[in-house]
Amino acid sequence: MIDGDRGGEVVRTGLLTCVRGLVQVVVAQAVCIPLFVLTVLSIAFIPLGVGVVLAPVVLLAVRGVANTQRVWAAEWSGVPIPVPYRPEPDTRSPFRRLWWLLRDPATWRDVLWTVVNIPLGLLLGLLPAAMLVYGLEGVLVAPWLGRITFYGWGPFWPVDRFGPLSVAAAVALGAALTAFSFKAGPLVLKGHALFGQSLLAPARTTLALRVRELAETRSETVDASAAELRRIERDLHDGAQARLVALSMNIGLAEELMKRDPRAAQELLAEARSASGRALSELRDLVRGIHPPVLAERGLDGAVQALALTLPLPVDVRIDLPGRAEAPVESAAYFAVAEMLANIAKHSAATRAWIQIEHARDRLLMIVGDDGTGGADPAAGGGMRGIERRLAAFDGTMAVTSPPGGPTIVTMELPCALSSPRTSPSSGTG
Amino acid sequence: MRVVIAEDLALLRDGLIRLLEAFGFEVVEAVDNGPSLLRALTAHRPDVAVVDVRLPPTFTDEGLKAALEAREQVPGLPVLVLSQHVEQLYARELLSDSSGGIGYLLKDRVSDVSQFVDAVRRVAGGGTALDPDVVAQLLTRHAREEPLQALTPREREVLGLMAEGRSNAAIASSLFVTEKAISKHTNNIFSKLGLPPSEDDNRRVLAVLAYLGA
């Protein structure tokens with residue numbers, strides 16, 4: 001039975017491969033040919049002006065097809081093809097968009113793939129189905145047709161001449177070819193995927209670019225965390241540590257005074273207690289600045305809810321997270337939202353604010369908005385710029401729309417995966 | 001009075017036991033993790049429990065969760081929660097069943113021994129003990145909202161102390177006025193907040209809850 005199951009599986013994948021191959025044929029002929037023609041025309045029309053608008057549309061369509069091909073290569077043949085494109089610029093200017101597309105080497109490799117895929121996609125796409133059909137013909141059609149009329153099936157089997165022997169041979173050969181097509185089909189399809197990988201995967205230059213980008217964000221992250229450590233050291237040294245020294249001094253003095261002047265001793269002890277309270281509250285603020293306890297306890301969901309509760313204006317909180325992100329990502333996300341909320345409380349003169357957090361397509365999406373006076377500008381430096389840098393360390397992005405007169409909407413995205421379903425309850429709005 | 005203590009740091013646990021025993025409490029069990037806290041609370045049904053928020057095994061809000069679960073099984077079980085930091089979110093969760101007998105204090109409040117013991121007694125008696133930090137946050141947060149704007153500064157001061165869980169007598173002595181004046185203030189507060197007169201002492205809790213839930 002196990003063999004039967006395995007046989008069924010082979011036949012199923014074989015048939016599926018044929019269908020997928022035919023899909024590739026359609027893509028190669030019905031999509032790649034027109035796209036290539038359009039690409040050439042639109043680029044040729046750039047000097048005339050029409051191409052400036054047309055070329056980005058066509059090139060993005062090429063990217064769409066290439067991306068589909070990347071997904072298929074991974075899903076059908078297990079050939080992973082990473083997406084090589086440079087990040088999209090935050091601009092509406094058609095010239096800058098065109099420049100961004102034309103400067104990206106991945107664009108030209110896509111176009112090259114489109115051309116080469118026209119014959120290669122046709123050939124490799126047809127092959128699995130052609131082998132199967134020809135094999136089946138040998139089993140089912142050739143023997144009958146050979147009896148009625150002259151029929152030369154296969155390269156060397158004139159079926160009508162040798163009677164039963166040739167019929168049996170035709171059936172055997174047809175069966176063999178059919179079986180072979182089931183085995184070979186997936187390999188042919190994989191061949192096509194590998195051809196795709198050779199052009200659609202990131203080229204060396206793209207990788208170099210990515211390495212430079214990573215090196216930049218890394219050095220920014222390292223600088224930022226070094227500065228953070230220095231700040232913590234200074235705060236501990238000047239704050240809690242100094243207070244504890246004063247505290248133990250006061251207690252020591254009180255010990256001495258206990259017999260001679262109990263009243264003064266008592267006053268010193270009371271002072272010591274309030275100093276210890278201040279030291280504790282300084283430590284608490286410090287801890288909150290490093291990693292808020294509620295974030296560790298309740299994750300991003302609970303921490304943002306708690307944050308919203310402390311704001312001096314009503315905040316609508318909508319959070320839909322099926323799990324928790326990794327701690328560093330979670331922390332970056334929390335401080336990003338906290339900074340935006342602090343800005344709202346300090347500068348916006350808003351009467352309402354809202355937060356929306358969700359996770360989709362491996363990205364954490366955070367939107368913070370208010371109905372205030374607007375005019376927020378991350379380029380002016382300060383907290384927003386810091387958050388942008390912090391998010392960049394995780395390949396995250398931040399977009400701010402804040403026209404004068406408001407409203408302000410900040411959209412932040414962080415690529416990340418979520419783990420383990422949440423266990424703690426979360427409640428309503430703040 | 002029988003007490004259960006939950007605190008994972010041995011030094012603090014011993015300190016709490018010594019402190020409470022010095023004031024005549026009987027510590028029936030002192031545990032150091034969430035699961036055994038839940039077991040101890042449901043088994044002993046103490047007059048009051050003093051619980052650290054962060055406990056093993058998860059070192060997150062295990063103590064809070066165990067306390068909430070115990071109160072589900074034993075309604076009204078008095079619990080005083082201690083924490084290294086205070087969160088309105090947790091205060092709201094603790095007060096959500098409005099049956100009283102709840103306290104939520106910063107750990108440092110332990111250092112003011114007599115006030116701390118007072119808070120433990122108040123919680124054991126079905127009252128509330130809310131940390132001044134939480135109350136201060138509530139009052140600033142809602143300062144812009146309608147009903148609270150109707151309150152005079154003095155009434156707001158009284159509401160703050162009331163939210164901490166103090167009795168009229170205690171509020172009177174800390175503001176250096178007569179108890180009668182305070183009860184006049186509290187009646188004004190209740191009517192401005194739209195809480196109808198009744199013999200129910202829980203109106204004080206409801207007044208605080210109205211703000212927590214808002």
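Just so it is clear: chains get the letters A, B, ... in the order the sequence lines come, proteins before strands, and each one is counted from 1. Computed from a prediction, not measured in an experiment: that's the story for all the values here.
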Side chain, backbone, both or neither: which part of B:Arg109 has a non-hydrogen atom closer than 4.5 Å to chain A? neither
Please flag which part of B:Val113 lies under 4.5 Å from any non-hydrogen atom of chain A: side chain, backbone, both or neither.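 Contact with chain A is absent: no heavy atom of B:Val113 under 4.5 Å.
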Do the charged groups of B:Glu157 and B:Arg154 touch, with an N to O distance under 4.0 Å? yes
With the threshold set at 4.0 Å, does a side-chain nitrogen-carboxylate oxygen contact exist between A:Glu358 and A:Arg363?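 A:Arg363 and A:Glu358: not salt-bridged.
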If we define contacts as heavy-atom pairs under 4.5 Å, which of B:Gln84, B:Glu87, B:Arg54, B:His85 has the most with chain A?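 It is B:His85.
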For A:Leu313 and A:Ala353, work out which heavy atoms get closest and say how close. CD1-N, 4.1 Å
Who wins among A:Pro293, A:Ala306, A:Ala296 for the most heavy-atom pairs under 4.5 Å with chain B?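 Looking at each of A:Pro293, A:Ala306, A:Ala296 in turn, A:Pro293 comes out on top.
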For the atom pair OG (A:Ser402) and NE2 (A:His347), what is the distance rounded to the nearest 0.5 Å? 11.5 Å
